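Following: one structure in structure tokens, then a few remarks.
Model, not experiment: these values are computed from the prediction. Values below: all heavy atoms of this structure, side chains included; hydrogens, waters and symmetry mates excluded.
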Amino acid sequence: MPKNPVHKLLTEKIEFPDNRLLVQLRGALDHNLRHLEQQLQVTLLPQGNGVLITADRTRAKKVRQLLETLYADLEQGHPVDHHWVERGIRALDDTESWHAPALHKTAHALPPSGEVALRTPRRQIYPRTNKQSEYLRALQQADLTFAIGPAGTGKTYLAVAAAVTQWLDGRVARIVLTRPAVEAGERLGFLPGDLQAKVDPYLRPLHDALYAMLGPEKVERMLSRNELEVAPLAYMRGRTLDESFIILDEAQNTTTEQMKMFLTRFGEGSRAVISGDITQIDLPKGQPSGLVQAAKILQNIPEAVFVYFTHQDVVRHPLVGKIVQAYEQAQAGQRKKELARLAED
């Protein structure tokens, strides 16, 4: 660890009563500790039933707080993996005395221990960022939820998990998953097979999430009983869906007419989730996005909850978050140039 010319380093030990949980806290080959060292610029050394922390006083206090919170999460049954550790890092306050440039500033405190998970037959699913926690609360409480943000933030996966748990609890009678079949620089007409074969690739991410939570056999039974429907958005026209959990994925590629059509489909006892990334619109040039318009038109309706994700909420490979951030900065720079050019004109 590089020497800090301003703050004197100190070494203190934090002890944990359960060595089995301590092993999980450290991670395989102490991976979690190494990640904390890299991100927080401290030294963490396993010793007996605890961990030695070497850092300046401010950092040592924050790292102790984070390790204690992660340990409490383990006691509550949370699997403390790389993503959960990263969540804790992001939640630390980024004060002037906390010289860790890799951290992201956030108004939230450390992630609460004992947070309720979504339980599906094959896995328990926990929110990995504070924004995901906000999203899960909306999925459980709101009749209409919009999730807007970059890829890799769990928008679709968590929505499917919420749909599965509410179906298992008997809160809804069926699950309907849909997305527009819009080509991302490709043409459906050139793909082999009939219409169903052409649109299946667009629906595959939804199938994959269902298989991971329920297993292929249960998914097939639900399909055969009409308790589950996975179909292109065009199939929704003219229908009323009662007692259903309806998810519209890739909503940035809906037209104004398609979005209005979808928003008027759900009936009594139903709830709808609309997710999309407005930075990846594949509609023809000049065609407005139904998601962008809906976010403006419906923003003052209390029953419509909007959850906005950023690159800080990406839970895939850490590089994905950096890529998303780089594109956001490039787009912001381009907009600034365009505004300056307009001002000159």
Problem set entry | Polar side chain donor-acceptor pair, Glu250 to Gln252, under 3.5 angstrom | yes
Seminar exercise, completed: Nearest heavy-atom contact between Val160 and Ala209 is CG1-CB, 4.0 Å
Exercise. Should Leu168 and Val230 be counted in the same cluster of Ile, Leu, Val, Met, Phe, Trp and Tyr side chains packed under 4.5 Å apart?
Worked result: yes
Distance-only criterion, 3.5 Å: show the donor-acceptor pairs between side-chain atoms of residues 298-305 and protein atoms not counting sequence neighbours.
{"from": "Gln299", "atom 1": "NE2", "to": "Lys296", "atom 2": "O", "distance (Å)": "3.3"}

Exercise. Hey, quick one: are Tyr235 and Ile274 part of the same hydrophobic cluster, counting side-chain heavy atoms closer than 4.5 Å, chains of contacts allowed?
Worked result: yes
Seminar exercise, completed: Only one of Arg64, Arg59, Lys61 passes salt bridge (charged side-chain N to carboxylate O under 4.0 Å, His left out) with Glu12, and that residue is Arg64
Exercise. When you measure from the side chain of Arg237 to the backbone N and O of Met261, does any donor-acceptor pair fall under 3.5 Å?
Worked result: no
For this session: List, by chain and then residue number, the residues other than Leu45 in its hydrophobic cluster (Ile/Leu/Val/Met/Phe/Trp/Tyr, side-chain heavy atoms under 4.5 Å); write none if there are no others.
Result: Leu52
Problem set entry | Flag, side chain of Lys260 to backbone of Thr255, donor-acceptor distance under 3.5 Å | no
Problem set entry | Flag, side chain of Asp242 to backbone of Glu268, donor-acceptor distance under 3.5 Å | yes
Exercise. Do side-chain atoms of Arg174 reach the backbone of Ser244 as a donor and acceptor pair under 3.5 angstrom?
Worked result: no
Problem set entry | Expected output: side-chain Arg57 to main-chain Lys8 donor-acceptor under 3.5 Å | no
For this session: Using the six-membered ring wherever Trp is involved, compare the ring planes of Phe306 and Phe146 and label them parallel, tilted or perpendicular (cut-offs 30° and 60°).
Result: parallel
What side-chain donor-acceptor pairs closer than 3.5 Å can you find for residues 212-219, not counting sequence neighbours?
none

For this session: Please say which of Val273, Leu248, Ile247 ends up in a side chain to side chain contact (heavy atoms under 4.5 Å, CB included) with Leu177.
Result: Ile247
Exercise. Are the side chain of Ser270 and the backbone of Glu243 linked by a donor-acceptor contact shorter than 3.5 Å?
Worked result: yes
Exercise. Is there a chain of hydrophobic side chains (I, L, V, M, F, W, Y, each step under 4.5 Å between heavy atoms) that links Leu70 to Val23?
Worked result: no
Exercise. Linking I/L/V/M/F/W/Y whenever any side-chain heavy atoms sit under 4.5 Å apart, do Leu223 and Val172 land together?
Worked result: yes
